[in-house]
Colleague: 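Have a look at the structure that comes next, please.
One-based numbering, in listed order, for ligands and for the atoms of each. Along the sequence shown, residues are numbered consecutively beginning with 1.
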Amino acid sequence: MKHQLYEGVLTARDAKRHIPHPFTVPEDAVRLTLTLRFSPYQVHNATNMLTLTLFDPAGFRGAGHRGGDEHTVQIGPATATPGYEPGPLPPGEWIAQIDTHMIMPGEPVRYTLFVEIEQGAPEPVSAPASPRRPVARQGPGWFRGDLHSHTDHSDANRSVAELVQAARTAGLDFIFLTDHNTVSGLAEMQSMGDERLLAAGGIELTTFWGHALVLGAHTWVDWRFRPGAGDITRIAVEAAAHGQLFIIAHPQSLGDPYCTGCIWRYPEMMPGVAQLVEVWNGPWAGDSNNEPALALWYDWLNQGLRLVATAGTDTHGNDDYAQRPGFSIVYADELSEEAILRAVRAGHLYLSAGPTLHFSAQNDAGRSWTLGDEVDQPATLTVSWRDCPPGAEARLLANGRLWTAWPCEAPGERRWPVTPALADWYVVEVRADNGELLALTNPIFFAS
Ligand SMILES: [Zn+2]
Ligand SMILES: [Zn+2]
């Protein structure tokens, strides 16, 4: 057994840093245990937040993005603390990195990091999780699902199996696991899908200056950079080149000191190369400030920037699906990760906490366009709806301004002939009698 103890004192000026603690792992290591403790935890109404990221000689080995003033990480050939990757323990220099998400002004933070290395005969390794099903269901259709969710691999209190069960209970067709700064839950996640549920994943890039979902990323994405350095743009471009989706998450959420990095603060990506933005995070009237996020998206559309709007529940607990969050309803060629990502990228989706909406355009020759498409000629807009609650109102917006509104409690359909000169883009909103958003389409664009 080998031991190593590190101690340190941090002040508010050390916030948003990555502090490496190197240690040497010998040839015959069979288990590592790291324990990080720090104090104080609560400061006024906020908490100090330190997390641990682990690197082996080959690179990323896991992260525990969670609160608490004591973090214990165990890692061995067959098992690891959620957030970290089990597997062989290669000898050489490892790094235990303390990420200082929040250090409040006032009393300094004192921490200890204890590293314990057990040596001896390795534990037996069990069979790997069964491989994923690339295609859950053949054939095109509208698929309803969640693009943003968490488990105990980061800061939620439930397992991957419990998340998947919640998705099944809610009747979802797909769910993407997007834990903070780790992909350690994805192998198990993907093994749990079947023909009823596509279990897919990515990562929530949780930087100190903004969060972004990278859907379809199955390996770690390095998040240790600052605004203005060019990294965020490079990551978005690389994600797009690999068929992944880079989505700016909850851009107008509360930020520091309550939620470090939760508000989007990348001036080079307002929206820069970004092609997607999560305008609906969790329940509409929650802490994520969805209404300003929607206004920001409308503003970008009016600048001629054709970003796609997405919804993600950001679920961290089993009750969240009962709080009527927004889901994404996607028209895809089949139910597979690749097809869902392609369809979302094309804007073929609407967002809804309940109502069903269809919004399309047709010309007299029988040609039709759907959400996300561009129309270059006179056409008829068609909206049909059902499942609106009493008092709900459907609204057609042209260039972000109200064109017409009508009560939608009874199912129905409406049509309007339009020409490209009238407006550049149209969306349909459904709002409750208290003004809360219940459903939102992506735009149909017109080019003159
Ligand atoms: Zn986030
Ligand atoms: Zn999240």
Colleague: Tell me whether the centres of the aromatic rings in Y321 and F327 are closer together than 6.0 Å.
Modeller: yes
Colleague: Using a cut-off of 2.8 Å, find all protein N, O or S atoms closer to the Zn ion (ligand 1) than that distance.
Modeller: E204 OE2, H211 ND1, H250 NE2
Colleague: What I'd like to find out is whether the side chain of L305 reaches to under 4.5 Å of the side chain of P271, using heavy atoms alone.
Modeller: yes
Colleague: With heavy-atom distances below 4.5 Å as the criterion, would you say the side chains of Y84 and T182 are in contact?
Modeller: no
Colleague: To the nearest 0.5 Å, what is the distance between CH2 on W223 and OG1 on T53?
Modeller: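 With rounding to 0.5 Å, CH2 (W223) is 5.5 Å from OG1 (T53).
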Colleague: With sequence neighbours left out, which residue pairs that include part of residues 215-326 fulfil the disulfide (SG to SG under 2.5 Å) condition?
Modeller: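 Checked against disulfide (SG to SG under 2.5 Å) - neighbours excluded - the pairs reaching residues 215-326 are C259-C262.
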Colleague: Give a yes or no on whether a salt bridge exists between E70 and R37, defined as a side-chain N under 4.0 angstrom from a carboxylate O.
Modeller: yes
